[in-house]
Novice: 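Next up is a structure, given as C-alpha cells.
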Amino acid sequence: MDDKFLTPYKPEDTEDRIYADWTESDFFNPDTCIEKGITSEEAETFSIVLPPPNVTGVLHMGHAAMIAVEDIIVRYERMKGKRTLWVPGTDHAAIATQSKVEKIIEKEGLNKQKMGRDAFIARVEKFASESHDTIVNQIKKLGASIDWSREAFTLDTERSLAVRTAFKSMYDDGLIYRGARIVNWDPKGQTTISDDEIVHEERKSTMYTFRYWKDFPIAISTTRPETKVGDVAVAVHPDDTRYGTFVGQTFSGEFCGVHLDIKIVADESVEKDFGTGALGVTPAHSQIDSEIAMRHKLPHKQVINEYAKMIVGDERILGKKVTDARTSIVEILRTEGLIEKEEEVSQNIATAERTGGIIEPLPKLQWWIDVEKEFAMKGDGIPGIAKGQQTTLKEIMKKAVANSAIIILPERFEKTYFQWVDNLRPWCISRQIWYGHRIPVWYKGDETYAGIDAPAGDGWEQDPDTLDTWFSSGLWTFSTLGWPDKNAKDLHDYHPTDLLETGYDILFFWVARMVLMSGYHLGTVPFRTVYLHGLVRDAKGKKMSKSIGNTIDPLDMIAKYGADATRLSLIIGAGPGSDMSLSEEKVRGYKKYTNKIWNIARFVLSSTNDVDTTKKPVLSSREEEILAEFNDVARYVDQHISEFKLHLAGEKLYDYTWHIFADVILEESKEALLSEDASVRAPRQWLLRYIWLELLKLQHPFIPFVTEEIWGSIPEGGQQLMVTKWPVDAMTK
RNA sequence: GCGCGAUUAGCUCAGUUGGUAGAGCAGCGCUUUUACACAGCGAAGGUCGCAGGUUCGAAUCCUGCAUCGCGCACCA
C-alpha cells in the first residue's frame, strides 16, 4: 500500500497532477480512444457541446454546476464504451463583452469614439482573450473531460465563415431582410436589442387623462405624455357607442407647440374598459400603435431621437430628455386645464438586460429574420416536415418539439417553449455595436451586395452593424463540427448531438435559436435531448449576485475542499430544472466524503492485499446477500444516470458507500478478515475488494479525481479509470 | 391577465408506477474500539401549507384556497 494513504486525502496535491495525466493520455479525444482500442469506429457515438461561457470574466457556480453535470454524463458514456465527444468553446457575447470593456476604459478616461473602431476592438479582443484563458483554466480545475483539440470560439475564423455562410443563405432565401420597423432601442447602449433581451421592471408612475386641446372631443390616458406630440390618431373600439360618431373625422390643433392632425379610427385592439376607452396613437414610439397605424394607413411621426431626447416642439420641450419633457408637458397641461385625472399606477417598463437602459421604441432600419416566411426544407431530420417541403422557421421550431424529435427535460418546459414560439415576432439581428460578426452586406450607391466575402471592385462600403450574438451561437452545434463543409467528418459522425445541457434561463435565447438554425441550415434538429438545470442560489435561496455579495467562487471551493467535493455539492440535492441552494457547509460536507473514500481505500488495501481477485470464490449466504444488494445499487445508479437523475444516483452512491459499505459491511467484516482460517477470510476479502473496485468505477463520473488517484495506486488498475469499462454491462451478462 | 414552480425535522433540500416519512448541516448523549474524530454508536426532532375529494390506504392522484418565487404578455 502506498504511504500516501496514511494521511488524509489532499485534493490540492492530487487534482492538477491527475488532470495532467488525463491530458497526456488524451482520452478526452475520441480519436485517441479509437486509436488505443478504448472504443471503435463502429461504436455508438455520444456527443455534446459545451454551452460556451461568455468571455466577460470568470465562471460562477452556475457554470460549475453545468460542467459537473455534463462531465458526469460524458464520463459515464465514455466508460460505457461509446465514442464520446464533448466540444469546448467560449462565446464572444457581443453586447455583454463590449459594455464590460467600455466600463473599464471609462475608468481610464477613454471612450470608444476617441479610440476608434479598430483600436477599441483590439482592446476588447485582448480582454476576451484574457477571460478565455481564465475560463479554460477553471474548466480544467473542475475536471472536465472535454476534448480541447476541438476547442472553438464563436468569433474565430471557422465560426466567422459559418456565420457569413449562414447569413448569405438565409438572405438568398428571403428570410433575412432589411426593413424599417419599430425596434427596441437602448439609449444607454446605443443599439437595438431583441425582444428577449428586455427585462420588465415594475415601477410606479402616473397615468394622466387629458385632452390634446380644449375642444378636442375625446379624452385619452397615458403614462407618457411626452410622446403625445407624435400622435396621429385616437383609436376607439368599433363597438364603443360613446365615440362612434367621431370615427372617421380628423381634428387639428396645437398641442404643446406642435401642430397635430388627429384622426379618430376604430380598431379592435382597443379595450373599451381601459381608461377612457380611447387610445392616443403614437406610431413611431410604440409597437402596438405602429401596428394600428399600419392598419389605418397613418404616418409614423418620430418625435424622440436615439438619445431619448425630444426632436419636436417649442423651447419648452425641444431637446429635452424624455423624462424632463414629461414634466414640462404635464406642467403645460395643468396650466391650460386640460388634465381630467391623474392617478398612481404601477407599470412594467422595459429595460435593456445588459445596460439597464430604459427601452425607447423607435422606428429604425434594421436587419431581421422572418420567422414566418416559407422556404424549402433542406433535410428530413424533423418529423412532419419532408425534405423539399415548404415550411417556416416557426414551424420547424414547433414541430421539432411537438413531434418529439427533441425531448425537453423537465417536460414542463415544453409548455414554456411553445408559448414562446407562438408569440415569436421577427427577430432583429443587427446591433449598433462594434464587437461581433460584422454584417456581411456591402453597399455602393443604391446597390446592395450580400455575400460570404466582400464584392470585387472599389467603392463598396460594408454595413457598420454587427450581428446579435445569438446568431452565431445558434449555429454552435454544427459550426463547431466543421460546417459549412458539409462533408466534414465530425459533422457526419456527431451531429445531431445527443444532449444539450444548459440553464433554463436561456431556453429561448439559445436553445430555441439552435433549433431554428439547425432546422434551417441542415434540415435536422441540433440535439435529441435538452436537459435544463436550475440556477445556483445561496443557502437562503437568494440568487447569487456580486452586488449582494453572496457569491461563492468555484475556484475558492476547489482550493479549500477539492473539485470532487465542489462537484458533488452541485449535483446532490438538485433536481432537474429546479434551483439549488449552495452553502460552503455543503461543500465541506462532501470534502469529508472524499476523505471517507480515501480511508476506505486504506482499509480495503491493507486488509485484502493478498486476495486473488481473478476468480470468484464460494461465498456464504450473507456474502451473496451483500453482493446482491450491491448489484441493486449498481443498477439503480446506472439507470438513474441514463435518465439524467444525477442527484438520485449520486445520493445513492453516497449513502451506500458510507452508510452501508463502510458502516455495516466493513465493520462486520473485521472479524472474518482477522480469521486464521483462509476459507473464512478469503471469500470475504474477495467480496470487499470486488465491491470496492466496482464502487470506484461507479463513483468515477461524480468524483473523478479521488477515484482516479486511488485507481492509480492499486495493482488491478492498469489503464486509467476514466477509460475502464463501466460495471453494469458486464454484471448483467 | 395567461402560464409554471415551490410550500416535508431548527436550516438547506431529497422522496415520479399511492403502501407505516429520509439525507446533510446545526444541536444532544456516549465512544479516542488498530480504516477514518474530515470518525463511530445512540437518542431526539415532522398533523409532509390549509380545506375538501378519490382510495382498503395519499407527502405522492383530483378540486379549491393561501403564501412565496419565476416566466410570458403591445393594456395605452
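None of the values given here were measured: they were computed from a predicted structure. Letters A, B, ... are given to chains in the order of the sequence lines, protein chains preceding strands, and every chain is numbered from 1.
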Novice: Counting only Watson-Crick pairs (N1-N3 plus N6-O4 or O6-N4) and G-U wobbles (N1-O2, O6-N3), all under 3.5 Å, who is the partner of rA43(B)?
Specialist: none
Novice: Just checking, is any N or O donor in the side chain of Ser290(A) or Gln287(A) under 3.5 Å from an acceptor N or O on the other one?
Specialist: no
Novice: Does the structure show a Watson-Crick or G-U wobble partner for rG19(B), both distances under 3.5 Å? Name it, or say none.
Specialist: rC56(B)
Novice: For a quick test of reading the model: is some side-chain N or O of Lys596(A) closer than 4.0 Å to OP1 or OP2 of rG40(B)?
Specialist: yes
Novice: Side chain of Ile600(A), heavy atoms from C-beta onward: which of rC41(B), rA35(B), rU16(B) has the nearest atom to it?
Specialist: rA35(B)
Novice: Considering only side-chain heavy atoms of Asn595(A), which listed nucleotide, rG40(B), rC38(B), rA76(B), is closest?
Specialist: rC38(B)
Novice: Atom CD1 of Ile198(A) and atom C1' of rC72(B): how far apart are they, to the nearest Å?
Specialist: 13 Å
Novice: Between Asp370(A) and Trp427(A), do the side chains contain an N or O donor and an N or O acceptor separated by less than 3.5 Å?
Specialist: no
Novice: Looking only at side-chain atoms of Arg602(A), point me to the closest of rC25(B), rC36(B), rG40(B).
Specialist: rC36(B)
Novice: Give a yes or no on whether a salt bridge exists between Arg224(A) and Glu226(A), defined as a side-chain N under 4.0 angstrom from a carboxylate O.
Specialist: yes
Novice: From rC74(B), rA35(B), rG24(B), pick the nucleotide closest to the side chain of Arg425(A)?
Specialist: rC74(B)
Novice: Between atom CD in Glu671(A) and atom C1' in rU34(B), what is the gap in whole Å?
Specialist: 16 Å
Novice: Using atom P of each nucleotide, how far apart are rA37(B) and rG49(B) to the nearest Å?
Specialist: 40 Å
Novice: Now, which nucleotide makes the Watson-Crick or G-U wobble pair with rA14(B), with each of the two distances under 3.5 Å?
Specialist: none
Novice: With both distances kept under 3.5 Å, what pairs with rG1(B), Watson-Crick or G-U wobble?
Specialist: rC72(B)
Novice: Over how many whole Å does the gap from Leu673(A) atom CG to rU33(B) atom P extend?
Specialist: 19 Å
Novice: Looking only at the side chain of Arg412(A) (C-beta and beyond, no hydrogens), which of the listed nucleotides rC36(B), rC4(B), rA76(B) gets closest?
Specialist: rC4(B)
Novice: Considering every strand shown, what is the Watson-Crick or G-U wobble mate of rU33(B) when both distances are under 3.5 Å?
Specialist: none
Novice: If we take the C1' atom in both rG22(B) and rA59(B), what is their distance in whole Å?
Specialist: 12 Å
Novice: In whole Å, what is the span from the NE2 atom of His659(A) to the P atom of rG42(B)?
Specialist: 12 Å
Novice: Let's see if you can work this out: which of rA35(B), rG15(B), rA73(B) has an atom nearest to the side-chain heavy atoms of Phe603(A)?
Specialist: rA35(B)
Novice: Taking side chain to side chain contact (heavy atoms under 4.5 Å, CB included) as the criterion, tell me which of Leu653(A), Ile72(A), Leu568(A) meets it with Ile703(A).
Specialist: Leu568(A)
Novice: What is the separation between atom CZ on Arg295(A) and atom P on rC74(B), rounded to the nearest whole Å?
Specialist: 14 Å
Novice: Where the side chain of Asn599(A) is concerned, which of rA35(B), rA76(B), rC74(B) is the nearest nucleotide?
Specialist: rA35(B)
Novice: Taking 4.0 angstrom as the limit, do Lys228(A) and Asp231(A) come out as a salt bridge?
Specialist: yes
Novice: Under 3.5 Å for both donor-acceptor distances, Watson-Crick or wobble: does rC48(B) have a partner, and if so which one?
Specialist: none
Novice: Applying a 4.0 Å non-hydrogen cut-off, can you work out what Ala601(A) is touching in the nucleic acid: base, sugar-phosphate, or nothing?
Specialist: nothing
Novice: Between rC13(B) and rC56(B), how many Å separate the two P atoms, rounded to a whole number?
Specialist: 37 Å
Novice: Please report the distance, rounded to the nearest Å, between CD in Glu667(A) and C1' in rU33(B).
Specialist: 9 Å
Novice: For the side chain of Glu291(A), starting at C-beta, report the closest nucleotide among rC74(B), rA76(B), rG15(B).
Specialist: rC74(B)
Novice: Select one nucleotide: of rG3(B), rG40(B), rC36(B), the one nearest the side-chain heavy atoms of Lys415(A).
Specialist: rG3(B)
Novice: Using the C1' atom as the point on both nucleotides, what is the distance between rG45(B) and rG52(B), in whole Å?
Specialist: 30 Å
Novice: Find the partner of rA6(B): check Watson-Crick (N1-N3 plus N6-O4 or O6-N4) and G-U wobble (N1-O2, O6-N3) distances, both under 3.5 Å, and reply none if neither fits.
Specialist: rU67(B)
Novice: From C-beta outward on Asn423(A), which listed nucleotide comes closest to its side chain: rA35(B), rC38(B), rC72(B)?
Specialist: rC72(B)
Novice: Specify the residue among Val604(A) and Ile572(A) whose closest nucleotide of RNA chain B lies further upstream toward the 5′ end.
Specialist: Ile572(A)
Novice: Would you say rG40(B) has OP1 or OP2 under 4.0 Å from some side-chain N or O of Trp658(A)?
Specialist: yes
Novice: Roughly how many Å is it from CD in Glu668(A) to C1' in rC41(B), rounded to a whole number?
Specialist: 16 Å
Novice: Just call it for Asp655(A): base, sugar-phosphate, or nothing, with non-hydrogen atoms closer than 4.0 Å on any strand.
Specialist: nothing
Novice: Aromatic contact between Phe702(A) and Tyr654(A), with the criterion being ring centroids under 6.0 Å apart: yes or no?
Specialist: no
Novice: Is the Tyr504(A)-Phe413(A) ring centre distance short of 6.0 angstrom?
Specialist: yes
Novice: On RNA chain B, compare the nucleotides closest to Gly280(A) and His200(A); which residue's is nearer the 5' end?
Specialist: His200(A)
Novice: Answer yes or no: does a side-chain N or O of Gln419(A) lie under 4.0 Å from OP1 or OP2 of rA73(B)?
Specialist: no
Novice: In terms of relative ring orientation, are Trp420(A) and Tyr417(A) parallel, tilted or perpendicular, with 30° and 60° separating the classes?
Specialist: tilted
Novice: Could you check how far NZ of Lys670(A) sits from C1' of rC36(B), rounded to whole Å?
Specialist: 9 Å
